[in-house]
Every structure is written in structure tokens, then in C-alpha cells.
2 protein chains.
Amino acid sequence: MGTIERKQRLKEEVRCRILDASWQIVQEEGWHALSMRKIADAIEYTAPIIYGYFENKDAILREFTQRGYQILSKTVKEARDQHTDPAEQMEAMWLAYWDFGYEHQAYYQLMYGVSVDCCQQEKMIPEAEETLNLLNETLGKLMAQSKHREQEDHCRRFYTFWSVVHGLISLNIVRKSSSLSLETNRSILFEAIHAIIADIKG
Amino acid sequence: MGTIERKQRLKEEVRCRILDASWQIVQEEGWHALSMRKIADAIEYTAPIIYGYFENKDAILREFTQRGYQILSKTVKEARDQHTDPAEQMEAMWLAYWDFGYEHQAYYQLMYGVSVDCCQQEKMIPEAEETLNLLNETLGKLMAQSKHREQEDHCRRFYTFWSVVHGLISLNIVRKSSSLSLETNRSILFEAIHAIIADIKG
DNA sequence: AATTTTGCTTAACGGTGTTAAAAAAACCTA
DNA sequence: TAGGTTTTTTTAACACCGTTAAGCAAAATT
């Protein structure tokens, strides 16, 4: 009866195949294209058997979410451990954080709810570009007051503004349960915006 | 027959009712719960008639996306027009931008692909909190070197870091077509992180 | 009044996640 | 090896989804 171990091994292998197949589908077609039947097809089974390995589809997504956080955690920790000075550590850690998001976009989408299948028609909607133009225009005037002339510089400043504001909004929406107070949000905004403006003014 | 105008009016009214019903469903249950059949139920019709008013479900979402951008554009413009100094304008505009995201979360989700139905189990995944703890810990050491003592301050600094990094990643993912170069991303990151660290050091 | 046009519904197709029953395969025992 | 038990896998079904085509009934036109 040693076969029980062999069965355990086979069961574990099928579990891996489910995750491997899922990951491949996601990489090729995105999260929206991941379905139980498609996974089953890929591992040459029928859909219901997956429920012997995962409670439901959400459990599969949860597995990947967990993997994402594990990789992120490991990455950030390693970045920290290559420095001793807290300031250098801080820099390395956030850079590592960004690198993770840049390299593992599929993970990041899942972990932080960044759905990609939206507003591709941004250029179809005039008001979308109009808003960006308004902000860009004013930024141009502001930078003209100083001696910034390069387009590159303009682009960077703009995205710095945009990133902090968009990031703050997004984090508030996604982390609805443990989100910040209105006052905290506003003071972060004020400080960040003023800092950027001050930096532009030189 | 002047009835043609009356019919036009009725058709327009049904279109409005579709959008009103859709919006109510979204407010009550979120975007994921919006379905053609549910909309039809709400306006006391059957699903296929909706296709007489909108090409498909995506067209309905596009309508709301457009509305969102219209409101945002109007808001930002109004904020600008209450000031004359570019620096003041810039501040007012980004604050208005944030206010929009805070007040109209449903719109913002649609416009920038912030799906809320994710990672609510963040606390279920130890590694998720571990990453935040690592970053918080190092930030604590960094701030201890200066004379920052308040918890409030700590929280603000942390979210400033997080917002700009998360925002930068998200914008890159969502605006995949017109995203920034790796060099631009890194220089934004470097500048922002160094600025925050410098500010902490005083 | 008969006919055309319009508005709406029913039915259907292919897809989704998920569950229960049926079938097939594997296993164990006699 | 034969028969019965257990495990594995599939088929069928349910309730949804977006979407399209056909059918029907009411309204408008001739």
C-alpha cells in the first residue's frame, strides 16, 4: 500500500499543472481570458476535476495573489539587506517595489486590482485628452517661469504629479476598508504638490 | 405626422432610463454586477431592446467613461480659472483632480481601471502585510534619525512613497500603449524618492 | 379593412462558474 | 480470475452572462 504516497505525488503534480496552465493562459491572453474550462482543456481534463484541487476559481486567483506578495516581499527584503543606511535602504526598497510592478505586471494587476481592459479608447474621448492638456498647459506656464526648457523635464514633472495623485486615489479605492482619513489624504496631497512645485521653482 | 417628434422624445427618455437604471445598479452593487438583463428588469423591458439604444454593453460603459471625463475636465478647468498664478493653478487643479477621484469613485474605477473586487483578503496573506511592515520599519528608522516622532507624520510619509510608486506602476500598466520609457520611469522614481527622503532628513 | 411597419418578446447560441448524478476506471477481496 | 467496492472522471444540468434571429402583437399607413 505504498501507493498512497504515489497518489499524493500525482495529486500534487496535477495541482501544479493547473497552476502552470493558468499562468500560461494569463500571460498569453490576460486575466479576463482565464476560465475553468480553458484550464481544464489545457491539462486535458474536464472542468469539474479542478474543484478537487481548488475550492473555486477565486482560490486559484488567491494562490497567484499570494505568490505575487511572496515575490514582492522577498524582493523588497533583499533590496533592504544590501544596504545599512536607512535612507539608502528606503531608496533601494521602493525601487525594488517598482521593479516588481514593472516586471511582473500580471501579478501586480491581480494584487492591486489594476484592470487593463478599460479606457483603451482614451483617445476616442476628447475630454480625456482635454484634461491632460489643461494640466500640461499650466505646467508649461509654471516651468516657463523658471529656466526649464527641455521636453523631457516637462514630461517627468507631469508624471510625478499624476503618479502621486493617481496613486493616492487608487490606494484609497482599493484599500477601502483600511483607507486614510480625509485629512491625511489632503495633507499628503498638499505636501506632495507643494514639494513638486517648489522643486520646479528651484 | 408630428408624432415623429413625440417618438423621438420617448426614445430619448428610454435611453435615459437605461443609463439611470445602470447607474443605480452600479452605485448599489458595483460595476461587476451590471448586466444587460438586470438593466432590462429595472426599466421593465427585456434585454434585447437595449440594443436599440446602445450597440452593446461596452457602449454603455463608454457613455459613463465619457461622462466621467467630462466632469473631470470641467472640474479641473474651473479650479484653474479661480487662480491666475500658474503655481496656484497647478495646486488647485491637482487638488480638484483628487477630489474628483475621491467623490466619484465609480467613475474613477471605470476611467482608470481600478477594479475593487480584488485582494480584499490582503490581511489573509501574511506576505502582503509583511512587505508593508518591512517598508514601514525602515521608514521608522529613517525618521528616527531626525526629530519626527508623531505617528501621523509616519503614516503620511509612507503613503507619499507608496502613492507615487503605485501610481507610476499603475499608469504604466493601464496606459500600456503610450507609456513612459524605462529611463523616464526611473528618473521620476529617483527624483521623487530622493525628494521625500531629503524632506524627512530636513 | 387589409397591409405594412413598428415594438417587443421568446428562443436560441455560445460562453461563464459551479454542482449533482452517472459512468468508467481502478482497486481490493474472496 | 470474478465480483464487489471505492475512487476517478465525465456528462448533464443550473443559473447566470452578452448577443442575435425569429416570431408575434399592436400600431400606423394605405
Side-chain angles (χ1 to χ4, degrees), chain A residues 1-19 21-26 28-65 110 115-118 120-121, chain B residues 1-19 21-26 28-65 110 115-118 120-121:
Chain A
M1 321 283 176
T3 53
I4 194 168
E5 290 172 8
R6 181 174 54 88
K7 281 195 179 177
Q8 195 68 30
R9 214 158 12 90
L10 281 176
K11 231 178 144 35
E12 195 59 39
E13 198 206 313
V14 172
R15 213 189 106 98
C16 280
R17 288 213 294 146
I18 291 172
L19 291 171
S22 301
W23 190 245
Q24 193 171 343
I25 293 167
V26 169
E28 286 169 2
E29 309 175 63
W31 288 109
H32 70 278
L34 184 66
S35 80
M36 299 300 259
R37 285 178 176 83
K38 205 177 280 185
I39 297 170
D41 269 8
I43 62 172
E44 289 172 310
Y45 275 114
T46 50
I49 68 119
I50 302 177
Y51 292 86
Y53 301 88
F54 294 93
E55 195 190 341
N56 48 31
K57 188 183 175 184
D58 219 59
I60 298 178
L61 299 184
R62 203 157 48 234
E63 174 82 30
F64 284 114
T65 306
L110 196 59
S115 56
V116 76
D117 44 309
C118 85
Q120 232 54 352
Q121 61 278 82
Chain B
M1 311 305 174
T3 52
I4 196 169
E5 291 173 8
R6 180 174 54 88
K7 283 194 180 179
Q8 196 67 31
R9 212 153 21 85
L10 281 177
K11 234 180 141 37
E12 194 59 39
E13 198 206 313
V14 172
R15 213 188 106 97
C16 280
R17 287 212 295 146
I18 291 172
L19 292 171
S22 300
W23 190 245
Q24 192 172 344
I25 293 166
V26 170
E28 286 169 3
E29 309 176 61
W31 289 109
H32 70 277
L34 184 65
S35 80
M36 298 301 259
R37 286 178 173 85
K38 206 177 279 186
I39 298 170
D41 269 7
I43 61 171
E44 289 172 310
Y45 276 116
T46 51
I49 68 119
I50 301 178
Y51 293 86
Y53 301 88
F54 295 94
E55 194 190 341
N56 47 31
K57 187 184 174 182
D58 220 60
I60 298 177
L61 299 185
R62 204 157 46 235
E63 174 82 29
F64 284 115
T65 307
L110 196 59
S115 56
V116 75
D117 44 309
C118 84
Q120 232 56 351
Q121 62 275 83

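Just so it is clear: chains get the letters A, B, ... in the order the sequence lines come, proteins before strands, and each one is counted from 1.
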- For B:I49 and D:dC24, what is the distance between atoms CD1 and C1' respectively, to the nearest whole Å? 17 Å
- Message: A quick test of your reading: do over 12 heavy atoms of other residues, nucleotides or ligands sit less than 6.0 Å from CD of A:E28?
- Response: yes
- Note on the structure: Closest non-hydrogen atoms of B:L110 and B:L61, given as atom of the first, atom of the second and distance, are CD2-O, 3.4 Å
- Starting from the C-alpha separation in whole Å, work towards a yes-or-no answer on salt bridge (charged side-chain N to carboxylate O under 4.0 Å, His left out) for A:R37 and A:D41. CA-CA 6 Å; A:R37 285 178 176 83; A:D41 269 8; over 6 Å; no
- Nearest-Å distance for atom pair OH/P, residues B:Y51 and D:dT20: 7 Å
- Tell me: CD1 of B:I18 to P of D:dG18, nearest whole Å? 13 Å
- Starting at atom CD1 of B:I50, determine the distance to atom P of D:dT19, rounded to an integer number of angstrom. 10 Å
- Query: Tell me: CD of A:Q8 to P of D:dT7, nearest whole Å?
  - Reply: 14 Å
- Query: Between A:Y51 and A:N56, which heavy-atom pair has the shortest distance, and what is it?
  - Reply: CE2-CA, 3.9 Å
- Nearest-Å distance, CG (B:L10) to P (C:dT6)? 16 Å
- Listed in order of residue number, which residues of residues 33-48 of chain A have a non-hydrogen atom at under 4.0 Å from DNA chain C? A:L34, A:S35, A:M36, A:R37, A:P48
- Note on the structure: When rounded to whole Å, the CG to P distance for the pair A:N56 and C:dT16 reads 17 Å
- Message: From NE2 of B:H32 over to C1' of D:dG18, roughly how many Å is that when rounded to an integer?
- Response: 17 Å
- Measure across B:I43 and B:A21 and return the closest heavy-atom pair with its distance rounded to 0.1 Å. CG2-CB, 3.9 Å
- Considering all heavy atoms of both residues, which atom of A:I39 and which atom of A:S22 are nearest to each other, and what is their separation? CD1-OG, 3.3 Å
